[in-house]
Amino acid sequence: MRRRLRLRGDAWITLLLGAALGLLLYAQRDSTAPTTSAPRAQGRAAPGPSPRLRVFQGPDAGPALQAYEEDTPEPPKPTPPGPFDFGRYLRAKDQRHFPLLINQPHKCRRDGVFGSGPDLLIAVKSVAADFERRQAVRQTWGAEGRVQGALVRRVFLLGLPRGTGSDQAEAEGAGTQTHWHTLLRAESRAYADILLWAFEDTFFNLTLKEIHFLAWASAYCPDARFVFKGDADVFVHVENLLDFLAARDPAQDLLAGDVIVQARPIRLRASKYYIPEAVYGLPAYPAYAGGGGFVFSGATLRRLAGACAQVELFPIDDVFLGMCLQRLRLTPEPHPAFRTFGIPQPSAAPHLRTFDPCFYRELVVVHGLSATDIWLMWHLLHSPRGPACAHPWPAAASSFQWSR
Ligand SMILES: *[C@@H]1O[C@H](CO)[C@@H](O)[C@H](O)[C@H]1NC(C)=O
């Protein structure tokens, strides 16, 4: 009896120890997952991660979705956004043409005729509810007219507000739908800068936004010398952007931005950017420019529109554009002043202020600003005497450094 009891005790301890070991291994595996999540990458990928390699941070943690790999030793703790239905996505993938509900057919005509397009067409991804950001952009870096002699035009790219396209929404929110449509129509009348397509405006439909915009721009704005495309939560230093473009020929291929090379698909189910191997089997994505803001030439616009029409839809829009570029054998050009991953607070110098106009005047694009901050930064930079900065004005394209 006693022996049996002791035996039973031993068995229990073994079981407990086993369970503890299992838990430990599981926790360890979890905490290293982001760097080892692409097992097939090791075999085939290019030698080691490049120093400029960035990883996606899983959770929807505000605008700073991505971060430099070296800045994030801690793995992201993804908050599951609900499983993405890849099966449905793949089945619906061939439906990629949606009607344009609000158009701006005259956006790029000068005196009513095509022939001499704007020097810079600014296209901003937005959603219906984000009226305040659109207003901030209209009044600041997205203002139309002449900037340093260059003619600037602006459009906002929108889909149907989420839920309003479905039966469920019709049942419960026909009023909401009318409300948004009324707003967008009114905005279109007031500002003539709204493009609205009949697909649902979701994160995974941003690729649809990309191809519809490229098709629209090559149809209605084929003579634009350059196109800037970005998010509504970026700050763009348009003068620096124009300085950079001044030396470029719009008839030549160019796509410049915050270029990410050898990014590995995220195989972590809970991540917002999760891509199963069945959807993308290669160990790394083609080089692409961060979707927060990039610029391309008129020549590239026309070629991209054609190339993207041939590429199968892929749910991450900037990676999709990288696939179109790859098809054209066009390498995106990294520009150090495009900060589409925001400005990480340097861990070694947390006292440095990142919201500093002296700092912003060296950049072209910074991602992750509120409407208020966009407005404030623009006014600080454009106040009559400009910001009082300690050091002389740097060259626009010089590589970025933290000032002391
Ligand atoms: C994209 O939009 C279409 C059309 O509104 C919709 O049926 C589909 O569910 C959306 N896809 C995603 C992934 O949100």
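Each ligand, and each atom within it, is numbered from 1 in the order the structure gives.
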**Candidate pair E362 and R339, rule salt bridge (Lys or Arg N to Asp or Glu O under 4.0 Å), full reasoning** = CA-CA 11 Å; E362 302 175 28; R339 300 255 142 186; over 6 Å; no
**Message:** Could you go through F156 and L196, starting from their C-alpha distance and side-chain angles, then the distance that decides it, and tell me whether this counts as side-chain contact (heavy atoms from CB on, under 4.5 Å)?
**Reply:** CA-CA 8 Å; F156 287 103; L196 173 69; over 6 Å; no
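- Contacts between R88 and ligand 1 below 4.0 angstrom, taking non-hydrogen atoms only, involve the side chain exclusively.
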**Message:** Go through it in stages, so that I can follow the logic: the residues are V365 and D258, the test is side-chain contact (heavy atoms from CB on, under 4.5 Å), and I'd like the CA-CA distance, side-chain angles, deciding distance and then a yes or no.
**Reply:** CA-CA 9 Å; V365 176; D258 196 354; over 6 Å; no
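- Of all the atoms in ligand 1, the ones that sit under 4.0 Å from a non-hydrogen atom of F204 are 13 (C).
- The aromatic rings of F199 and H212 sit tilted, their planes meeting at an angle between 30° and 60°.
- Counting heavy atoms closer than 4.0 Å to ligand 1, residue F203 contributes nothing at all.
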**Asked** Can you check ring pair (Phe, Tyr, Trp, His ring centres under 6.0 Å) on H335 and F244, steps first, answer last?
**Response** CA-CA 10 Å; H335 191 303; F244 164 65; 4.6 Å; yes
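- Checked against a 3.5 angstrom limit, the closest N/O atoms of N205 and ligand 1 fall inside it.
- Close approach to F98 involves these atoms of ligand 1, each under 4.0 Å from a residue heavy atom: 4 (C).
- The atoms of ligand 1 that sit less than 4.0 Å from any heavy atom of T202 are 12 (C), 14 (O).
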